[in-house]
Amino acid sequence: MKKTILVFALLIFAILLLFQVSKYAVISGNLKTEIVIGIVAVVFLIIGIYINKKSLNKNKLASTEINHKKISELEISEREYEVLHAISEGLSNKEIADKLFLSESTIKTHVSSLLVKLNAKRRTQALQIAKEYQII
């Protein structure tokens with residue numbers, strides 16, 4: 001957090017300095033207004049590209065692998081894991097039943113078992129816990 005604040009403070013200081021130098025150059029008559037505007041635009045373009053690349057690199061670091069050890073610790077069966085994955089896709093019990101060729105009551109049983117194993121009250125809470133455990 002401190003690093004981010006420092007970077008933005010330096011960025012604001014650099015932009016302020018750029019504006020002051022450009023203002024001085026225009027007032028003293030050494031540079032034309034069009035050249036100053038062009039330089040400011042190029043600097044903002046470079047800063048924008050830099051910030052964009054930094055933000056794209058953070059998204060790549062966020063992707064993690066599935067923690068199979070935690071799945072076995074929670075004693076989640078393969079079928080329950082398939083149901084959990086289908087829930088994460090936003091499917092209803094009926095849609096999951098059609099997808100896995102099971103009855104809707106069987107899916108309800110698997111969902112209930114998942115809620116108990118993940119210590120959750122709702123499907124959405126189960127998904128949040130599963131993401132924290134890195135199992136989906």
Side-chain angles (χ1 to χ4, degrees):
M1 183 72 173
K2 291 180 182 180
K3 183 179 178 183
T4 305
I5 293 171
L6 182 64
V7 168
F8 277 107
L10 289 174
L11 182 63
I12 291 170
F13 178 73
I15 292 171
L16 181 64
L17 187 64
L18 178 68
F19 281 134
Q20 292 300 322
V21 169
S22 64
K23 184 172 120 180
Y24 174 74
V26 170
I27 291 174
S28 67
N30 293 339
L31 287 176
K32 292 186 178 181
T33 307
E34 293 84 12
I35 295 173
V36 172
I37 292 173
I39 291 171
V40 170
V42 169
V43 169
F44 275 107
L45 176 69
I46 292 169
I47 291 169
I49 291 171
Y50 175 75
I51 291 173
N52 185 30
K53 285 187 179 183
K54 282 290 202 179
S55 66
L56 290 177
N57 288 339
K58 286 186 180 179
N59 290 341
K60 290 179 184 175
L61 297 175
S63 65
T64 57
E65 302 230 350
I66 293 175
N67 188 351
H68 295 286
K69 184 178 179 183
K70 191 67 176 178
I71 294 172
S72 61
E73 284 177 13
L74 293 171
E75 298 177 358
I76 296 175
S77 68
E78 288 183 38
R79 187 58 88 174
E80 289 171 341
Y81 186 74
E82 289 175 355
V83 171
L84 181 64
H85 199 283
I87 291 171
S88 71
E89 293 173 358
L91 300 177
S92 67
N93 287 345
K94 183 164 178 48
E95 292 170 330
I96 296 170
D98 292 341
K99 180 180 178 182
L100 299 178
F101 304 107
L102 297 171
S103 70
E104 195 171 346
S105 63
T106 305
I107 298 301
K108 288 179 183 179
T109 304
H110 287 310
V111 171
S112 297
S113 176
L114 280 168
L115 293 177
V116 169
K117 290 178 181 179
L118 293 172
N119 194 23
K121 295 179 183 175
R122 295 176 293 284
R123 292 163 62 121
T124 53
Q125 188 180 18
L127 288 176
Q128 287 176 336
I129 293 169
K131 286 181 181 179
E132 288 174 10
Y133 289 156
Q134 297 177 344
I135 59 176
I136 58 168

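Remember, predicted model here, so these are calculated numbers, not experimental data.
Listed by first then second residue, pairs satisfying salt bridge (charged side-chain N to carboxylate O under 4.0 Å, His left out) with a partner in residues 97-109 read Glu89-Lys99, not counting sequence neighbours.
Glu95 meets the salt bridge (charged side-chain N to carboxylate O under 4.0 Å, His left out) test with no other residue; sequence neighbours excluded. Residues satisfying the side chain to side chain contact (heavy atoms under 4.5 Å, CB included) test with Ile49, not counting sequence neighbours, are Leu45, Lys53. Applying the side chain to side chain contact (heavy atoms under 4.5 Å, CB included) rule to Leu100 yields the partners Arg79, Glu82, Val83, Ile96, Leu102, Ile107; only residues at least two apart in sequence or on another chain are considered. For Lys70, the salt bridge (charged side-chain N to carboxylate O under 4.0 Å, His left out) partners two or more places apart in sequence, or in a different chain, are Glu73. Residues passing the side chain to side chain contact (heavy atoms under 4.5 Å, CB included) test with Glu78: none are found, sequence neighbours excluded. Residues that satisfy the side chain to side chain donor-acceptor pair (under 3.5 Å) test with Ser103, not counting sequence neighbours, are Ser105, Thr106.
In this structure, Val42 belongs to a hydrophobic cluster whose other members, linked by side-chain heavy atoms under 4.5 Å apart, are Ile46. Its side chain outside the 4.5 Å cluster rule for every partner, Leu16 clusters with none of the Ile, Leu, Val, Met, Phe, Trp and Tyr residues.
The line from CD of Glu65 to CD1 of Ile135 is 15.0 Å long, rounded to the nearest 0.5 Å. The OH atom of Tyr81 lies 11.0 Å from the CG atom of Leu114; values are rounded to the nearest 0.5 Å.
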Sequence neighbours excluded and cut-off under 3.5 Å, please list the side-chain donor-acceptor pairs for residues 115-124, or say none.
residue : atom : partner : partner atom : Å
Lys117  : NZ   : Glu75   : O            : 2.5
Lys117  : NZ   : Glu80   : OE1          : 2.7
Lys117  : NZ   : Glu80   : OE2          : 3.3
Arg123  : NH1  : Asn93   : OD1          : 2.5
Arg123  : NH2  : Leu91   : O            : 2.8

> Where do Ile76 and Tyr133 land on the side chain to side chain contact (heavy atoms under 4.5 Å, CB included) test, with the steps shown first?
Replying inline: CA-CA 13 Å; Ile76 296 175; Tyr133 289 156; over 6 Å; no
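Taking all atoms of both residues into account, the shortest heavy-atom contact from Ala130 to Leu84 is CB-CD2, 4.0 Å.
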